[in-house]
Number of protein chains: 2
Amino acid sequence: MENHPFSPQQLKHCHLSVLHTLEKGTLIYSQGEIAKAFYFVQHGLIGLYHILESGKESLLRIYHTNDYFGFRTLFGENRYHCTAKVLVEATLIHIQPDNIQQFVQHNPDVGHFLLKTLANELQDAEHRLAKAAYNKSLDKVIDSIYFLTETYPEYCWTYREIAEYAGCETETAIRISKELKRNGLLKNTPHPSKLQKSSV
Amino acid sequence: MENHPFSPQQLKHCHLSVLHTLEKGTLIYSQGEIAKAFYFVQHGLIGLYHILESGKESLLRIYHTNDYFGFRTLFGENRYHCTAKVLVEATLIHIQPDNIQQFVQHNPDVGHFLLKTLANELQDAEHRLAKAAYNKSLDKVIDSIYFLTETYPEYCWTYREIAEYAGCETETAIRISKELKRNGLLKNTPHPSKLQKSSV
DNA sequence: CGTTAGTTTGAGGCAGATCAACTTTGGTGG
DNA sequence: CCACCAAAGTTGATCTGCCTCAAACTAACG
């Protein structure tokens with residue numbers, strides 16, 4: 001998130017490799033796989049999904065240029081609890097630490113940065129958890145559209161993705177958006193997937 | 001969580017103070033306060049709540065003997081996003097690092113342990129988030145009762161707390177529990193707050 | 001013994017899931 | 001360039017889980 005104080009090239013005690021121009025839909029890793037490495041986004045857009053036994057997918061996090069992701073697993077359980085998927089053609093750097101303890105000690109800035117990122121992600125997740133329990137879909141869809149289109153305006157979010165991020169069904173996201181447009185709270189656009197927020 | 005590899009007394013570059021026998025209901029810190037310190041539980045039980053604008057409270061995390069809590073804030077945003085409340089009379093150690101960077105560098109074991117804890121908490125939160133979106137209250141209440149009574153059997157969880165953890169209304173938690181008892185999936189106990197899981 | 005907090009049960013209503021059908025868009029291959 | 005297909009969008013009609021409100025009961029406590 002934000003300006004990163006370093007690039008992967010500066011990292012010590014790890015092996016780097018580049019994954020060039022991965023096309024939309026490519027799976028970087030899958031939920032349940034044993035974690036051996038984490039990633040840096042040179043360009044493109046990555047979505048992290050969590051899939052329930054029922055098959056329902058939640059869109060939990062999104063990463064773009066200059067973000068690191070997939071490192072949570074290195075410090076906790078050694079299996080990814082999310083599936084990482086390419087949303088926009090991306091080039092990633094695959095970072096495989098020789099030894100995690102050592103890696104963190106020899107890259108203190110990175111360690112601190114990842115820790116900070118983790119802390120903020122936890123705050124976000126728990127805030128969304130509280131909202132999921134007690135807020136209506138209206139609130140959640142508004143929040144989601146706002147967040148997704150403001151933070152990642154380079155991408156045309158589908159209603160399916162908005163719903164998966166908000167935690168409701170696609171039809172619900174569509175109906176609510178339609179209602180918002182009627183009230184002028186959402187710009188009415190000819191192409192449905194090219195949503196633009198106006199206010200809030 | 002689990003066996004902690006060290007006690008607060010071993011910590012360097014910080015100031016320790018003991019909070020003796022805090023009684024049930026005491027607020028350790030409140031959501032929105034600026035974070036200056038974190039805590040270690042010598043004994044007792046602490047609940048972390050997140051409160052929405054609407055006033056609805058979610059029970060997000062619970063800590064007991066030998067757990068550290070309240071440290072997320074030191075690494076991310078500098079305000080607590082939860083309110084910490086005493087559930088069972090507790091004695092805590094208040095740990096105030098002189099300087100966080102320095103603190104982590106001079107207590108690498110602790111740093112790594114907190115990192116690991118944070119990583120696991122994020123996994124848990126995101127799994128709950130996915131469930132919150134797509135599972136029925138039945139599943140969520142069963143999960144919650146199981147988790148709460150198995151992990152913290154020393155405490156008689158109220159239906160209100162079970163509901164706040166599950167993310168539903170108290171009435172719903174009660175009705176579901178009643179149904180579970182009828183089906184023999186939950187031990188039928190005279191005193192409602194002394195729930196005991198039998199199977200699953 | 002009144003007050004407060006949690007429990008319990010009932011009735012009513014609605015948000016949103018579910019199911020189904022049809023349209024639109026975009027991409028691929030012949 | 002057109003035919004075809006997959007994926008997303010759209011809309012309508014149910015159906016139901018559970019929230020909401022209300023009221024009464026029990027237990028603990030100063």
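Remember, it's a predicted structure, so these values are computed and weren't measured experimentally. Sequence lines set the chain letters: A, B, ... in the order given, protein chains first and strands last, and positions in each chain run from 1.
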(request) State, without any angle test, whether B:S58 and B:H50 hold a side-chain donor-acceptor pair at a distance under 3.5 Å. (result) no

(request) Verify whether one side chain among B:E161 and B:Y155 offers a donor that lies under 3.5 Å from an acceptor in the other. (result)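 Yes - a donor-acceptor pair under 3.5 Å links their side chains.
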
Rounded to the Å, how far apart are [X] [atom1] and [N] [atom2]?
X	N	atom1	atom2	value
B:I162	C:dG6	CD1	P	13 Å
B:E23	D:dC29	CD	P	12 Å
B:I176	D:dC18	CD1	C1'	9 Å
A:Y134	D:dC19	OH	P	8 Å
B:L87	C:dG6	CG	P	12 Å
A:E169	D:dG12	CD	C1'	17 Å
A:W157	D:dA7	CH2	P	19 Å
A:I145	D:dG9	CD1	C1'	14 Å

(request) Check whether the ring centres of B:Y39 and B:Y63 lie less than 6.0 Å apart, and answer yes or no. (result) no

(message) Is the distance between the ring centroids of A:H127 and B:H81 under 6.0 Å?
(response)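 No, too far apart.
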
(request) Verify the contact: side-chain N or O of A:K24 to OP1 or OP2 of C:dG27, cut-off strictly under 4.0 Å; return yes or no. (result)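 Checking C:dG27 against A:K24, no side-chain N or O comes under 4.0 Å of OP1 or OP2.
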
(message) With a 4.0 Å cutoff (strictly under), does any side-chain N or O of B:T170 reach OP1 or OP2 of C:dT7?
(response)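 B:T170 to C:dT7 OP1/OP2: no side-chain N or O under 4.0 Å.
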
Among [options], which nucleotide has an atom closest to any side-chain atom of [X]?
X	options	result
B:R160	C:dT7, D:dT11, D:dC19	C:dT7
A:S137	D:dT11, C:dG16, D:dT20	C:dG16
B:T158	D:dA13, C:dT7, D:dC19	C:dT7
B:K136	D:dA8, C:dA17, C:dG10	C:dA17
B:Y159	D:dT20, D:dA13, C:dT7	C:dT7
B:I174	D:dT11, C:dT8, D:dC18	C:dT8

(request) Give one of base, sugar-phosphate or nothing for B:K140, where a contact means two heavy atoms less than 4.0 Å apart. (result) nothing

(request) Output all residues satisfying salt bridge (Lys or Arg N to Asp or Glu O under 4.0 Å) with B:K12, sequence neighbours left out; order by chain, then residue number. (result)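 For B:K12, no residue satisfies salt bridge (Lys or Arg N to Asp or Glu O under 4.0 Å) once neighbours in sequence are set aside.
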
(request) Would you state whether a donor and an acceptor, one from the side chain of A:R175 and one from the base of D:dG12, lie under 3.5 Å apart? (result) yes

(message) Quiz question: going by heavy-atom distance under 3.5 Å, is there a donor-acceptor pair between the base of C:dC19 and the side chain of A:E171?
(response) yes

